[in-house]
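Worksheet: the structure to be examined is printed underneath.
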Amino acid sequence: MEFSALGLSAPLIRAVSTRNYSVPTPIQEAAIPVILRGADVWVCAQTGTGKTAAFALPLLQRCLSTRGETPRPVRVLILVPTRELAAQIGSTIDDYAHYATPPLKIGTVFGGVSINPQMMALRGGADIVVATPGRLLDLVEHRALCLDRIEVLVLDEADRLFDLGFADELTRIVRLLPARRQNLLFSATFPPAVHALAADLLRDPIRIDVPSTPATEPTILQRVIAVDTPRRTQLLRHLIQEHGWQRALVFVATKYATEHVAQKLCQVGIKAASFHGELSQAARTKSLVDFKARQLQVLVATDVAARGIDIVELPVVVNYDLPRSAVDYLHRIGRTGRAGSSGVAVSFVSATAEAHFRLIEKRHAIKLPRETIAGFEPAATSATDPNPSTGGIKGTRKNKKDKLREAVGAAAPRPFARQAKKAESD
Ligand code: AMP
C-alpha cells in the first residue's frame, strides 16, 4: 500500500517521501484510516515500528483544516512520560508539518528547563502541543495555555502515563479537557493493571494490535550472559572491545551506577556518559545528542531512557542490571532493532538474578540459552553470590508500589470513569 492510499493530503505525502518512507508500516496502515475517521483507538504495537507517524500524520491532516482563528486554539494534545520523548516527538511532527500551508504550529513543552521561552513560544496559540504532564499543568496555571478546545488527546507510552507517578497529574489534565473528544492510546505494552484506566478513558475504542510477523518483528538477537555481579564492568568492557561495538546503550538500576559504570569505562578510554533523571536537563540533552551523533560510544542510563527514544541504528542494548519489571525489559531492548534494522540485546545475569530473569522469560513466553564468556565464568551460585545485583525484578509477591497501583486501577479514584459519566450527562 502507498501512503497516498491512506487519505493523507499532498503536503504530508511530500514530507514522508522526504524522509524516504516508501510505504506505510503495518501500524500506520492500520491506524491512520481509523484515526482519520475520528474513532478512539487503543493501539498496542512493538517499539520502533513507526507509531509516531501513525498518530501524527492523521492529526496533522485534521489540523490542516485550520480555522484561521487568532490565537490558535490547541486542538491536539500529545502527552508523553519523558522530556526526551517530548522533544523527539515534537521535532518529528515539525518535520511532518514542514510543507503544510498555511503553516501549522507545534508547541513542545517539558520540564527541567526554563518555562519562559515555552510561554513565549505558545503566544498566539498552537495547533498541536506535545507535553510532559507536569510542565503542561504549570503552563496552564500560568495561563499560557488553555485546554478547553482540545479535540484529540493522545497518550504515548500510555501504560507509563497511567502509572502511579503520573496518575494524579493525568487526572487533573483530563478534567481540563472537553468531555467530547477523540482519545488515542499507544504503547508497546499494556499490562493488565492499566486496562481499567484505559477503558475508562476511551469511548467505543477500536483496538489495534499489530501482530508480529517475520516482516514486522524487530530483528533483535537476545543474549543472556551468566556473570558474577562484581565482574560485570570488566565483562562489559571486554564485550565492547571484542565485538568492536561502536555504540551501546547500557541500562543500570540506579543513578549512582550510571555514573560509576560510565566513569570506569572512561578510565579505560571508552567514551561514556551517564543519563538519569537527576542530571540537569542540559546535561541530559547533551549526553543524548552526543550519543545520537556518535560522539559517545556508551550511554549508561536508568530506565528514564527506556521509553520511546529513537536512536537510529543503535546496534546494542545491555542490561547490566536487569529491569525491575518485565514490561521494561521489552521497552529497553526495543531501543535497538528499530525500523527494520537488526540489533543485539545482552542481559547480564548473576546467580542471584537468575530467578528474576526466569520470571521475565515467563512473562514474555521466551526461553533464552545462558552463555558464559571465557575468562568470565561465574563462580557464584544463587546461594553464594556475595554481591547481589541491585536491579531487582518484580516477582509474584506484590510490593508497596504494586499495591498502590492496583488501588489506583481499582476502587479508588477511577478518574476517567467519573469523566465518562460526566460526558454522558452533559
Ligand atoms: P517510532 O516507532 O515512531 O519511534 O519510529 C521508529 C523509526 O521508524 C523511526 O526512525 C522512524 O523514522 C521510522 N519510520 C517510521 N515510519 C516509517 C516508514 N513508513 N518507513 C520507514 N521508516 C519509518
Side-chain angles (χ1 to χ4, degrees), residues 1-8 12-33 35-36 41 43-61 76 78-98 106 108 128 130 154-161 184-190 208-213 215-220 247 249 288-289 291-294 305-315 317 330-343 345:
M1 182 187 263
E2 301 284 312
F3 272 104
S4 52
L6 290 173
L8 298 169
L12 301 176
I13 306 281
R14 191 169 164 206
V16 293
S17 58
T18 311
R19 285 178 78 107
N20 294 324
Y21 300 172
S22 47
V23 288
T25 63
I27 181 184
Q28 291 161 2
E29 213 175 295
I32 290 174
I35 297 173
L36 282 174
V41 296
V43 182
C44 191
Q46 282 174 339
T47 60
T49 51
K51 79 186 149 62
T52 313
F55 61 76
L57 293 172
L59 297 180
L60 285 165
Q61 174 83 36
V76 174
I78 301 168
L79 288 178
V80 298
T82 70
R83 300 166 187 174
E84 287 73 19
L85 194 51
Q88 177 182 299
I89 290 181
S91 125
T92 306
I93 298 182
D94 255 332
D95 278 359
Y96 293 144
H98 186 75
I106 319 298
T108 302
I128 297 181
V130 185
V154 183
L155 302 188
D156 191 21
E157 305 295 340
D159 58 324
R160 180 79 188 89
L161 288 167
L184 315 178
L185 305 191
F186 282 79
S187 189
T189 49
F190 280 103
I208 300 175
D209 287 281
V210 180
S212 300
T213 64
T216 61
E217 182 88 44
T219 39
I220 303 171
R247 274 189 312 166
L249 176 59
L288 196 59
V289 166
F291 189 58
K292 286 186 176 182
R294 298 163 202 268
R307 292 274 184 159
I309 291 178
D310 187 38
I311 302 162
V312 175
E313 290 174 4
L314 174 67
V317 168
L330 276 196
H331 288 283
R332 283 182 177 191
I333 72 168
R335 298 313 100 216
T336 185
R338 295 172 71 76
S341 63
S342 59

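Counting starts at 1 for both ligands and their atoms, in listed order.
Heavy atoms of Thr92 found under 4.0 angstrom from ligand 1: none, in either backbone or side chain. No part of Val16 comes within 4.0 Å of ligand 1, judged by heavy-atom distances. Under 4.0 angstrom from ligand 1, the non-hydrogen atoms of Asp310 all belong to its side chain. At a 4.0 Å heavy-atom cut-off, ligand 1 does not touch Phe55 at all.
If you check each of Gly50, Ala56, Pro24 against atom 5 (O) of ligand 1, the one with the closest non-hydrogen atom is Gly50. For atom 3 (O) of ligand 1, the candidate residues are Asn20, Ile311, Ile27, Thr52; the nearest heavy-atom contact is made by Thr52.
Residue Ser22 has no nitrogen or oxygen atom sitting less than 3.5 Å from a nitrogen or oxygen atom of ligand 1, judged on distance alone. Every N/O-N/O distance between Gln88 and ligand 1 stays at or above 3.5 Å. Not a single N or O atom of Phe3, backbone or side chain, sits closer than 3.5 Å to an N or O atom of ligand 1. Of the polar atoms of Val312, none of the N or O atoms is found under 3.5 Å from an N or O of ligand 1, judged by distance alone.
Taking every heavy atom of both residues into account, Phe3 and Gln28 meet most closely at CZ-OE1, 3.5 Å. Residues Ile35 and Val41 share a closest heavy-atom pair of CG1-CG2, 4.1 Å. Between Ala53 and Pro58, the shortest heavy-atom contact is O-CD, 3.8 Å. Residue Ala345 comes nearest to Ile220 through the heavy atom pair CB-CG2, 3.8 Å, listed as atom of the first residue, atom of the second, then distance. The shortest non-hydrogen separation linking Ser187 to Asp159 is OG-OD1, 2.7 Å. Residues Ile27 and Thr49 approach most closely at CG2-O, 3.1 Å, considering heavy atoms.
Near Thr25, with a cut-off below 4.0 Å to any heavy atom, the atoms of ligand 1 are 17 (C), 18 (C), 19 (N). Annotation for ligand 1: atoms under 4.0 Å from non-hydrogen atoms of Lys51 are 1 (P), 2 (O), 3 (O). Counting the atoms of ligand 1 from 1 in the order shown, those under 4.0 Å from a heavy atom of Arg19 are 12 (O).
Results of the side-chain contact (heavy atoms from CB on, under 4.5 Å) test with Phe186 over Ile78, Asp156, Leu155 single out Asp156 as the only residue that passes.
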### Query
What's the verdict on side-chain contact (heavy atoms from CB on, under 4.5 Å) for Val43 and Lys51, showing C-alpha distance, side-chain angles and the deciding distance?
CA-CA 9 Å; Val43 182; Lys51 79 186 149 62; 6.0 Å; no
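By the neighbour-count criterion of 12 heavy atoms within 6.0 Å, atom CZ of Arg14 is sparsely surrounded, having that number or fewer from other residues, nucleotides or ligands.
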